[in-house]
Amino acid sequence: MLSISGFAQEKQSLFNGKDLKGWTIYVEDKNIDPADFYYVNDGVIETAGVPNGYIRTNKKYSNYHLHIEWRYPEEPTNSGVFLHTNKPDKIWIAHYQAQLKHENAGDFIVHGVGVSATLGDSVYVSTEDYKPLIPKMNDSNEKKAGEWNSYDITCKDNTIEIMVNGLLQNKAYNCSLTEGAIGMQAEGSKIQFRNLWIKKIK
C-alpha cells in the first residue's frame, strides 16, 4: 500500500512548473544556498550540477509508474534519478539509481549500506565502499545533447523496470527497498527536468 494518502490511479504531477514546493534540496557544500543550486528556469527544474547533491520529494511512494524527461542544455556529463530514497540526507543517501550519465542512461546503481537487488542471475549488495553498477541491456538510445529524453520507470512491489525513450534497458528483482522518495541528482554539469508525473499501479 502506498505510504501517502490521496495518491490516485490518475497520473499526478510532481512539479507545478513554478516553484519547488514539495521538494527538499540537499547540497554537499553547506556554503551554497540550496535555492541557487536547484531552481526553476523557464518552467523546468534546473541545477548547475556542481557541487554534488540532489533534490528529492518530501513524500514517499511505492507501486507506481514514474515519468521524467531530462536534457543537458550544455556539455553533458552525469546525473541520475533516485528511486526508493530513504533518509538521512547525505551525499550517498540510500536509494536505487536510474543512471543519467551521458550515453549510460539505463544503467542501474545500488546505493546504501546493505541495500540489495537482483539483476539477471546476480545479487548485488551495496557497501560503504562499493556501489554496484549494472549496465543497461542494450546500446545507448539517448538523444544528442540539447534534446529531451524520457525515463518511464515502473516500481511494483520489489521490482523496478527502467525504460529509456520507450526501450526497456534494465530490470531489477528482489529489491530490499520498496518505497521512498523520488529524486534527481546533480553531478557534473547543468541538467534540466520537466514533465514529472507519477501514477499508482496495483
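Considering only heavy atoms from C-beta on, Tyr124 stays 4.5 Å or farther from Ser116 through its side chain. Using a 4.5 Å cut-off on side-chain heavy atoms (C-beta onward), Thr24 and Ile55 make no contact. Here the side chains of Ile198 and Ile182 are in contact, with some heavy-atom distance below 4.5 Å. The side-chain heavy atoms of Ile153 and Val81, taken from C-beta on, include a pair separated by under 4.5 Å.
No side-chain donor-acceptor contact under 3.5 Å links Thr178 and Asn158. Using modelled atom types, one finds no donor on one side chain facing an acceptor on the other under 3.5 Å when comparing Gln169 with Asp107.
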Any chance you could lay out the side-chain contact (heavy atoms from CB on, under 4.5 Å) test for Val125 and Val115, step after step, and finish with the verdict?
CA-CA 6 Å; Val125 182; Val115 176; over 6 Å; no
Residues Tyr173, Leu119; criterion side-chain contact (heavy atoms from CB on, under 4.5 Å); working and verdict:
CA-CA 6 Å; Tyr173 303 86; Leu119 290 93; over 6 Å; no
From CA spacing to verdict: side-chain hydrogen bond (donor to acceptor under 3.5 Å, both in side chains), Asn141, Asn138
CA-CA 8 Å; Asn141 64 323; Asn138 304 290; over 6 Å; no
side-chain contact (heavy atoms from CB on, under 4.5 Å) between Thr47 and Lys190: does it pass, once the steps are laid out?
CA-CA 5 Å; Thr47 178; Lys190 184 178 290 184; over 6 Å; no
CA sep, side-chain torsions, deciding dist, call: Glu46, Val40, side-chain contact (heavy atoms from CB on, under 4.5 Å)
CA-CA 6 Å; Glu46 182 177 282; Val40 178; over 6 Å; no
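Between His111 and Trp92, the angle of the ring planes stays under 30°, which puts this pair in the parallel group of the 30/60° scheme. Ring geometry, Tyr54 versus Tyr26: the interplanar angle falls under 30°, so the pair is classed parallel (tilted spans 30 to 60°). Using the six-membered ring where Trp is involved, His67 and Trp197 have ring planes that are parallel, under 30° apart on the 30 and 60° scheme.
Although no hydrogens or angles enter the test, the distance criterion places no donor-acceptor pair under 3.5 Å between the side chain of Asn31 and the main chain of Asp29. At distances below 3.5 Å, at least one donor-acceptor pair connects side-chain atoms of Lys156 with backbone N or O atoms of Lys202. A donor-acceptor contact shorter than 3.5 Å is absent between the side chain of Thr159 and the backbone of Ala172. Between the side chain of Gln192 and the backbone N or O of Trp70 there is no donor-acceptor pair closer than 3.5 Å. Thr127 places a side-chain N or O within 3.5 Å of a backbone atom of Tyr130 that can act as its donor or acceptor partner.
Residue Asp42 qualifies as open at atom CG: its count of foreign heavy atoms under 6.0 Å is 12 or below. Residue-environment remark: CG (Asp33) exceeds the threshold of 12 foreign heavy atoms within 6.0 Å. Open room surrounds CD on Glu128; 12 or fewer heavy atoms of other groups in view lie less than 6.0 Å from it. The 12-atom threshold is not exceeded at NZ of Lys101, counting heavy atoms of other residues, nucleotides or ligands nearer than 6.0 Å.
Residue Ser126 comes nearest to Pro132 through the heavy atom pair CA-CD, 3.7 Å, listed as atom of the first residue, atom of the second, then distance. Scanning all heavy atoms of the two residues, the minimum distance from Leu83 to Tyr64 falls at CD2-OH, 3.9 Å. Residues Tyr61 and His84 share a closest heavy-atom pair of O-ND1, 4.1 Å. In plain terms, the two heavy atoms of Gln99 and Tyr151 that are nearest each other are O-OH, 2.5 Å. Here the shortest heavy-atom pairing between Val110 and Ala117 reads CG2-CB, 4.3 Å. Closest heavy-atom contact between His95 and Thr85: CB-OG1, 3.7 Å.
In this structure, Arg56 forms no cation-pi arrangement with Trp23, as its terminal cationic atom is not both closer than 6.0 Å to the ring centre and no more than 45° off the ring axis.
The CD atom of Gln185 sits 7.5 Å away from atom CD1 of Ile109, with the distance rounded to the nearest 0.5 Å. Between Trp148 atom CH2 and Phe193 atom CZ the span is 9.0 Å, to the nearest 0.5 Å. From Asn78, atom CG reaches atom CD of Glu187 across 4.0 Å, with rounding to the nearest 0.5 Å. In this structure, Lys136 NZ and Asn170 CG are separated by 9.5 Å, a value rounded to the nearest 0.5 Å. Atoms CE and NZ, on Met137 and Lys171 in that order, are 8.0 Å from each other to the nearest 0.5 Å. Between the CD1 atom in Ile68 and the CG atom in Asn149 there is a gap of 12.5 Å [rounded to 0.5 Å].
Note: the hydrophobic cluster containing Ile32 also contains Tyr38 (ILVMFWY, side chain heavy atoms under 4.5 Å, direct or indirect links).
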